[in-house]
Amino acid sequence: VQLQASGGGLVQAGGSLRLSCTASGPPFSSYIMGWFRQAPGKEREFVASRLRDGRTFYAGSVGGRFIISGDNAKNLVYLQMNSLKPEDTAVYYCAAARVWTGANSRRDYEFWGQGTLVTVSS
């Protein structure tokens with residue numbers, strides 16, 4: 001599966017953005033879909049994941065503010081980001097995995113899209 005993320009940009013603190021991930025090839029519903037982010041000088045970290053059965057998981061730092069969802073008809077996965085904070089500034093990546101380990105580790109994800117930059121100003 002090929003993935004392409006979009007929707008990043010510059011937003012003020014407290015604002016919202018919605019990222020999209022387009023999946024080409026097998027439907028994303030065949031995979032575990034995840035969003036990760038990498039801030040300058042930091043490791044890539046887990047943000048959110050969505051299992052085949054629709055269950056979702058979130059990093060503690062974004063829980064209650066971010067929502068991962070999918071549109072099966074359009075083969076799109078979204079990351080709705082609300083109440084954004086300057087510390088959310090990062091390059092955001094969508095990813096797909098075939099096997100769920102429960103670890104939410106980037107090592108579980110075999111397919112990656114290019115990143116989209118989100119900058120939150122204070």
Side-chain angles (χ1 to χ4, degrees):
V1 62
Q2 293 183 322
L3 306 172
Q4 183 171 352
S6 61
L10 174 64
V11 63
Q12 287 188 332
S16 298
L17 274 178
R18 188 177 76 165
L19 306 183
S20 300
C21 178
T22 303
S24 300
F28 76 82
S29 55
S30 303
Y31 300 89
I32 295 93
M33 298 300 297
W35 285 95
F36 289 76
R37 67 186 182 186
Q38 188 166 16
K42 294 188 176 182
E43 295 286 322
R44 191 171 300 186
E45 64 176 6
F46 167 76
V47 174
S49 61
R50 184 178 186 274
L51 306 191
R52 296 182 183 91
D53 61 8
R55 282 183 292 161
T56 57
F57 297 87
Y58 298 93
S61 59
V62 306
R65 300 188 297 124
F66 290 12
I67 300 171
I68 184 172
S69 63
D71 185 329
N72 289 353
K74 296 181 179 179
N75 219 26
L76 283 168
V77 177
Y78 300 106
L79 184 68
Q80 177 67 42
M81 306 185 295
N82 302 317
S83 301
L84 283 161
K85 305 175 182 180
E87 51 264 43
D88 295 318
T89 294
V91 177
Y92 284 72
Y93 299 88
C94 62
R98 287 179 288 188
V99 177
W100 172 245
T101 68
N104 289 318
S105 168
R106 65 178 186 178
R107 296 175 182 80
D108 296 338
Y109 289 79
E110 303 145 273
F111 308 99
W112 292 84
Q114 92 294 351
T116 185
L117 176 62
V118 172
T119 304
V120 184
S121 63
S122 58

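Note that the coordinates shown come from a computational prediction; the quantities given were computed from them, not determined experimentally. Numbers for residues simply follow the sequence, beginning at 1.
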Undergrad: At their closest point, which heavy atom of Cys21 faces which heavy atom of Trp35, and how far apart are they?
TA: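 Distance-wise, the nearest heavy atoms are CB-CZ2, 3.6 Å.
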
Undergrad: Is there a side-chain contact between Val77 and Ile68 (heavy atoms, below 4.5 Å)?
TA: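 Yes, their side chains come closer than 4.5 Å.
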
Undergrad: Does one hydrophobic cluster hold both Leu19 and Ile67, with members joined at side-chain heavy-atom distances below 4.5 Å?
TA: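 Leu19 and Ile67: one cluster.
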
Undergrad: Within the structure provided, determine whether Asp108 and Trp100 are in side-chain contact (heavy-atom separation under 4.5 Å).
TA: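 No. Closest side-chain heavy atoms not under 4.5 Å.
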
Undergrad: Measure across Ala13 and Ser122 and return the closest heavy-atom pair with its distance rounded to 0.1 Å.
TA: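 Between these two residues, the closest heavy atoms are CB-CA, 4.3 Å.
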
Undergrad: Locate the shortest heavy-atom distance separating Ser16 from Gln80; write the atom from each residue and the value.
TA: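 Nearest heavy atoms, Ser16 then Gln80: CB-NE2, 3.9 Å.
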
Undergrad: Report yes or no: do Leu79 and Tyr93 belong to one cluster of Ile/Leu/Val/Met/Phe/Trp/Tyr joined by side chain heavy-atom distances under 4.5 Å?
TA: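 Each belongs to a different hydrophobic cluster.
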
Undergrad: Looking at OG of Ser121 and CG of Leu10, how far apart are the two atoms once the value is rounded to the nearest 0.5 Å?
TA: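 So the OG of Ser121 and the CG of Leu10 are separated by 5.0 Å.
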
Undergrad: Restricting to non-hydrogen atoms, name the atom on Pro26 and the atom on Tyr31 that form the minimum distance, rounded to 0.1 Å.
TA: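 Nearest heavy atoms, Pro26 then Tyr31: CG-OH, 3.5 Å.
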
Undergrad: On the 0 to 90° scale, with breaks at 30° and 60°, tag the Phe66-Tyr92 ring pair as parallel, tilted or perpendicular.
TA: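 Ring orientation of Phe66 relative to Tyr92: tilted.
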
Undergrad: So do Arg44 and Trp112 actually touch side chain to side chain, heavy atoms under 4.5 Å?
TA: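 Yes. Closest side-chain heavy atoms under 4.5 Å.
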
Undergrad: Taking the side chain from Gln114 and the backbone from Gln4, do they hold a donor-acceptor pair closer than 3.5 Å?
TA: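 Side chain of Gln114 to backbone of Gln4: no pair is present.
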
Undergrad: Is it true that a side-chain atom of Arg50 and a backbone atom of Thr56 form a donor plus acceptor pair closer than 3.5 Å?
TA: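 Pair absent, no side-chain N/O of Arg50 close to backbone of Thr56.
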
Undergrad: Hey, are the side chains of Cys94 and Phe28 touching, using non-hydrogen atoms and a 4.5 Å cut-off?
TA: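 The answer is no, as the side chains (C-beta and beyond) never meet within the 4.5 Å cut-off.
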
Undergrad: Taking a hydrophobic cluster as the set of Ile, Leu, Val, Met, Phe, Trp and Tyr residues connected by side-chain heavy atoms closer than 4.5 Å, whether directly or through intermediates, do Leu76 and Phe111 fall within one such cluster?
TA: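 Not linked; separate clusters.
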
Undergrad: Do the side chain of Asn75 and the main chain of Ala23 share a donor and acceptor less than 3.5 angstrom apart?
TA: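 It does hold such a pair.
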
Undergrad: Compare all side-chain heavy atoms of Leu3 with those of Met33 and state whether any distance is below 4.5 angstrom.
TA: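 Touching, per the 4.5 Å side-chain cut-off.
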
Undergrad: Please test Met81 against Val11 for side chain to side chain contact (heavy atoms under 4.5 Å, CB included), starting from the C-alpha separation and ending with a verdict.
TA: CA-CA 11 Å; Met81 306 185 295; Val11 63; over 6 Å; no

Undergrad: Quick check for you: to the nearest 0.5 Å, what is the distance between Leu84 atom CG and Thr89 atom OG1?
TA: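 So the CG of Leu84 and the OG1 of Thr89 are separated by 8.5 Å.
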
Undergrad: Starting from Leu17, can I reach Tyr78 by hopping between I/L/V/M/F/W/Y residues whose side chains sit under 4.5 Å apart?
TA: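 In one cluster: no.
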
Undergrad: Looking only at side-chain N and O atoms, does Ser49 offer a donor or acceptor that is under 3.5 Å from a partner on Asn104?
TA: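 Checked: Asn104/Ser49 side chains pair up, N/O donor to acceptor below 3.5 Å.
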
Undergrad: What is the distance from atom CZ of Arg106 to atom CD of Glu43, rounded to the nearest 0.5 Å?
TA: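 That separation rounds to 5.0 Å.
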
Undergrad: Side chains of Arg37 and Val118: closer than 4.5 Å at any heavy-atom pair?
TA: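 No. Closest side-chain heavy atoms not under 4.5 Å.
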
Undergrad: Taking all atoms of both residues into account, what is the closest heavy-atom pair of Arg52 and Arg98, and its distance?
TA: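 Closest pair (atom of Arg52, atom of Arg98, distance): NH2-O, 2.6 Å.
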
Undergrad: Is there a side-chain contact between Tyr109 and Phe36 (heavy atoms, below 4.5 Å)?
TA: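 Touching, per the 4.5 Å side-chain cut-off.
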
Undergrad: Determine whether Val120 and Tyr58 fall in the same hydrophobic cluster, where Ile, Leu, Val, Met, Phe, Trp and Tyr are linked whenever their side-chain heavy atoms lie under 4.5 Å apart.
TA: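 Val120 and Tyr58: one cluster.
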
